Amino acid sequence: SGATASPLDVQTKTYPELVVGFAQIGAESEWRTANTRSIQDTANQLGVELDLSDAQQQQENQIKAIRSFIAQGVDVIGVSPVVETGWDEVFAEVKQAGIPLILLDRNADVPDDLYSVRIGSDFVEEGRRACGEMARLLDGQGSIVILEGTQGSAPMIGRGTGFQECLREYPGLQVLDSQSGDFIRARGKEEMAALLRTHGRSIDGVFAQNDDMALGAIEAIEEYGLQPGIDIKIVSIDAVRAAFEAMIAGKLNATIECNPLLGPLFFETALHLANDTPVEKWIKPIEGVYRQDTAAQELPRRKY
Ligand code: AHR
C-alpha cells in the first residue's frame, strides 16, 4: 500500500496509508496487556491500519500470523517472539517478500540480516540489576530461589544470564532451586508453594523473572505462614502498578523496570522503515529500578 510519511511527525499527523501486522504473544501478564494496549492506542492515534494477532502463547500461531501478513502485503510486520529459536524460515520469507520486520520486546536467535530492527529492553542488564538488588537486601549472604519465565524465551534466558553473571561477585549468595512459572501469576504461586514445601525456611530470597509471578509467590509465602518482603526478600522485573502496591504494603522489596509502552517507538520506527529511512539495529527504552522507599511517591506517576 506504500506509506507516505515525510516529514515524520507522530505527534500531530495521521498515517492512514500505513498497514502494519503485529503478531503478539498472548496475554500472560499485566505487562503484556499494557504492551498490547500501547500498540492499539498508538495505531488509533496515528490512524494506522493495524492487524493484531494473539498467538495464545503458541509459536506456530505467530508463524501463521506472519505468513498471513505476507499474503496480505502489509507494509511492516512486527512480532514479539514467544521463544528465541525456530524463526529462520519464516523470517527469511518476510525478507524475500521485501517487508521490513520489527522484533518488538523479545529478541529472536537469528542472523542480523533476517530482521530490520529490535525495539526492546536489555534483559541481561535487567537480570544483573535484579541480582544487585538481591545482594543488597540480603547483605550478600543467603539462599535464593528463582521463578523463571517461559522456557526458551529471550527474557528468561537473558535475565537468568545476567543474574548468574552478577552472582559471581557475591560468593555468599547461592541459588537453591529454579522453577518455571511461565510469567503467569497463578503459576508463580503454585511453583513458590512447591519450593516452600521442598526448601522451607532455608529460602532467604526469591528472584521472580516478572512481577506477576512475584505477586503469586507473595500469596504462597503468606499461606505458608511467612511474611513476604521480611522473612523472604523478593525482587522481580517489570514495574507494573500492582508491584508498586505490593512494595507499599511491604511485601515486595524491589522491581526492575521493563517498559511495555512500546507503541509510539514501534510505529515511529515502522514509518521510518516504510519510508526507507535508516534506523538503529537495537532501540532500547530507558528504564529504572524501584524500591519500597519511593514506591508511594512513584505510584501515581505509573502509566501501566
Ligand atoms: O518479554 C517481556 C516479558 O514478558 C515481561 O517481563 C513479562 O511480564 C512478559 O510476559
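We number each residue from 1, following the sequence as shown. As the structure is a prediction and not an experimental result, all values here were calculated from the model. Both counts, for ligands and for their atoms, begin at 1 and track the order of listing.
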Polar contact flag, side-chain donor to acceptor under 3.5 angstrom, Q24-N35: yes
Between F22 and F266, is the gap from one ring center to the other below 6.0 Å? yes
More than 12 non-hydrogen atoms from neighbouring residues, nucleotides or ligands closer than 6.0 Å to CD on Q151, yes or no? yes
What atoms of ligand 1 come within less than 4.0 Å of a heavy atom belonging to D105? 1 (O), 2 (C)
Counting only heavy atoms closer than 4.0 Å, does ligand 1 sit against the backbone of Q57, its side chain, both, or neither? neither
Atoms of ligand 1 less than 4.0 Å from W31 heavy atoms? 5 (C), 8 (O)
With only distance considered, is Q209 within less than 3.5 Å of ligand 1 through an N or O on each side? no
Out of N210, D238, N107, indicate the one that has the non-hydrogen atom closest to atom 6 (O) of ligand 1. D238
Look only at interatomic distance and state if R106 has a nitrogen or oxygen under 3.5 Å from any nitrogen or oxygen of ligand 1. yes
For E28, the ligand 1 atoms with a heavy-atom partner under 4.0 Å come out as 4 (O), 9 (C), 10 (O)
Can you find a non-hydrogen atom of E126 under 4.0 Å from ligand 1? no
If you measure from CD on E148 to OG on S153, what distance do you get to the nearest 0.5 Å? 9.0 Å
Go through the side-chain N and O atoms of E133 and N253 and say whether any donor and acceptor fall under 3.5 Å apart. no
Atoms in ligand 1 flagged as close to S29, the criterion being non-hydrogen separation under 4.0 Å: 7 (C), 8 (O), 9 (C), 10 (O)
Scan side-chain atoms only and decide if T150 and Q57 contain a donor-acceptor pair under the 3.5 Å cut-off. no
Ring pair (Phe, Tyr, Trp, His ring centres under 6.0 Å) evaluation trace for Y115 with F91: CA-CA 7 Å; Y115 67 96; F91 284 8; 7.4 Å; no
Could you tell me whether ligand 1 has any atom less than 4.0 Å away from a heavy atom of I237? no
Over-ring placement of R302 relative to Y290, 6.0 Å and 45° cut-offs: yes
Measure the distances from the heavy atoms of P155 to every atom of ligand 1 and state whether one is below 4.0 angstrom. yes
